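Worksheet: the structure to be examined is printed underneath.
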Amino acid sequence: MSEIGKDIAKAAALLMAGELVAIPTETVYGLAAHALEEDAILRIFVAKNRPQFNPLIAHTDSWAKARQLISSYPPLAEKLAQAFWPGPLTLLLPRAAHIPDLLTAGSPLVAVRIPAHPLTQALLARLDFPLAAPSANPSGYISPTSPAHVAAQLGDKVGYILDGGPTEIGIESTIIGFDDEGRAVLHRLGGLSLEEIEEVTGPLIRLLSIQDKPDSPGQLKSHYAPLTPLVLGESESGSGNWGALRFREALSTIPISQQIVLSESGELGEAAKNLFAAMRELDSRGYDYILAERFPDVGLGRAINDRLERAQHKYKED
Ligand code: TXA
Ligand code: MG
């Protein structure tokens with residue numbers, strides 16, 4: 001099993017040597033590697049069993065460093081960066097010539113993000129290269145929101161797990177790209193709400209249907225999924241032993257001990273923060289099905305619904 005600790009120097013040394021390190025961010029834990037070295041990036045794909053057509057986000061710690069990863073950007077990109085970085089926002093921008101093809105899966109765009117976690121910021125400040133970091137879970141499974149989640153699934157595949165405690169936001173970054181006129185286009189719902197973004201951009205262009213052949217594989221219709229079949233709704237749709245994932249209150253039809261309530265006070269931020277740990281916990285209990293409540297379609301409720309729908313699709317389609 002890999003070591004878990006707060007030793008930034010050790011993490012930096014491993015990353016400089018091309019090894020994998022799990023890093024905390026405010027959204028979810030990332031599985032990080034040197035983003036400009038193809039051999040290091042390849043280790044990420046192997047460890048996660050991730051298809052190589054699914055590109056990775058480059059993480060850095062300043063706008064000046066982010067600028068070096070891109071060849072140009074529309075004015076709105078800088079406005080969004082100023083408003084929300086460091087934070088749960090990823091921007092898709094034209095890539096600089098030295099960005100490896102493996103990072104972007106051959107796309108002319110590179111995904112860039114400045115994460116807000118202080119430990120990872122301190123780590124990035126020591127490095128003169130960006131970090132490629134997808135969520136630190138096997139491809140298709142639920143993203144990790146604690147060091148223990150990473151250790152449970154990738155513990156034998158990662159050199160070191162940098163312990164930043166449980167993540168604050170709990171759901172992956174919102175991904176925004178731009179059209180030819182420089183208008184903002186939503187590619188993935190996430191930890192920064194549409195309402196907050198639209199205050200800066202005006203109405204976003206949305207590309208959000210769940211698709212088979214997405215332009216952003218985080219949009220794959222089956223993703224973020226537990227192994228136990230998950231069903232969205234308010235009542236069990238057949239016999240069997242059911243667990244339930246609830247927003248504010250438990251259902252009367254399922255034993256209380258088989259239900260997890262995400263936020264008794266009804267706060268979407270608290271629910272998002274607890275979502276993935278609760279999905280993992282329910283998945284570990286051996287129920288036949290997990291019944292998940294649909295959230296209000298507002299603020300982070302939209303991103304929660306998006307993740308639950310993708311978790312459900314796995315069992316609807318294949
Ligand atoms: O919050 C997050 O974004 C976390 C933390 C670790 O930063 N990372 C994360 O990475 O969620 P990952 O790889 O699990 O999801 C990144 C998404 C994928 O759906 C990928 O397809 C999309 O970003 N993406 C990356 N580069 C892209 C590109 N050049 N064009 C389109 N989509 C891209
Ligand atoms: Mg992921």
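Keep in mind the model is a prediction, meaning the values are calculated, not measured. All ligand and atom numbering here is 1-based and tracks the order in the structure.
- Below 4.0 Å from some heavy atom of I57 lie the following atoms of ligand 1, by number and element: 3 (O), 8 (N), 9 (C), 10 (O), 16 (C).
- Each of the atoms 29 (N) of ligand 1 lies under 4.0 Å from some heavy atom of L109.
- Residue pairs that meet the side-chain hydrogen bond (donor to acceptor under 3.5 Å, both in side chains) test with at least one member in residues 4-24, sequence neighbours left out, are E3-K10.
- Between E172 and S143, the side chains place a donor N or O and an acceptor N or O closer than 3.5 Å (distance only, hydrogens not considered).
- An N or O contact shorter than 3.5 Å is missing between I171 and ligand 1 by distance.
- By the criterion of a heavy-atom distance under 4.0 Å, neither the backbone nor the side chain of H187 is placed next to ligand 1.
- One side chain, T90 or S173, offers a donor N or O that lies under 3.5 Å from an acceptor on the other.
- Near A111, with a cut-off below 4.0 Å to any heavy atom, the atoms of ligand 1 are 25 (C), 26 (N), 27 (C).
- Near I175, meaning under 4.0 Å from any of its heavy atoms, are these atoms of ligand 1: 17 (C), 22 (C), 23 (O).
- For Y29, no nitrogen or oxygen atom sits less than 3.5 Å from a nitrogen or oxygen atom of ligand 1, counting backbone and side chain alike.
- Contacts between A133 and ligand 1, counted as non-hydrogen atom pairs separated by less than 4.0 Å, involve the backbone only.
- When non-hydrogen atoms are compared, ligand 1 lies under 4.0 Å from neither the backbone nor the side chain of I23.
- For E168, the CD atom sits in a loose shell: 12 or fewer heavy atoms of surrounding residues, nucleotides or ligands are nearer than 6.0 Å.
- Take K79 and apply the salt bridge (charged side-chain N to carboxylate O under 4.0 Å, His left out) test, not counting sequence neighbours, and it matches no residue.
- Every atom of ligand 1 is numbered from 1 in the order shown, and the set under 4.0 Å from a heavy atom of G30 is 6 (C).
- Two residues are said to be in side-chain contact when any heavy atoms from C-beta on lie closer than 4.5 Å; L204 and V185 fail this criterion.
- Checking Q312 against R307 by side-chain atom types alone, no donor-acceptor pair falls below 3.5 Å.
- Using a 4.0 Å cut-off to heavy atoms of T27, the atoms of ligand 1 that qualify are 1 (O), 2 (C), 4 (C), 5 (C).
- Within the 4.0 Å heavy-atom shell around ligand 1 one does not find R95.
- Put simply, S135 gets within reach of the Mg ion (ligand 2), with an N, O or S atom under 2.8 Å from it.
- Listed by atom number, the atoms of ligand 1 under 4.0 Å from N54 heavy atoms are 18 (C), 20 (C), 21 (O).
- For S135, a nitrogen or oxygen atom sits less than 3.5 Å from a nitrogen or oxygen atom of ligand 1, counting backbone and side chain alike.
- K48 places a side-chain N or O within 3.5 Å of a backbone atom of S135 that can act as its donor or acceptor partner.
- A side-chain donor-acceptor contact under 3.5 Å links R113 and T27.
- A donor atom on one side chain and an acceptor atom on the other are found under 3.5 Å apart for E196 and S193.
- Remark: among candidates R188, R50, E26, the nearest residue to atom 11 (O) of ligand 1 is R188, based on non-hydrogen atoms.
- Between E172 and ligand 1, no pair of N/O atoms sits closer than 3.5 Å.
- Defined by atom type and a distance below 3.5 Å, a donor-acceptor pair is missing between the side-chain atoms of Y29 and N137.
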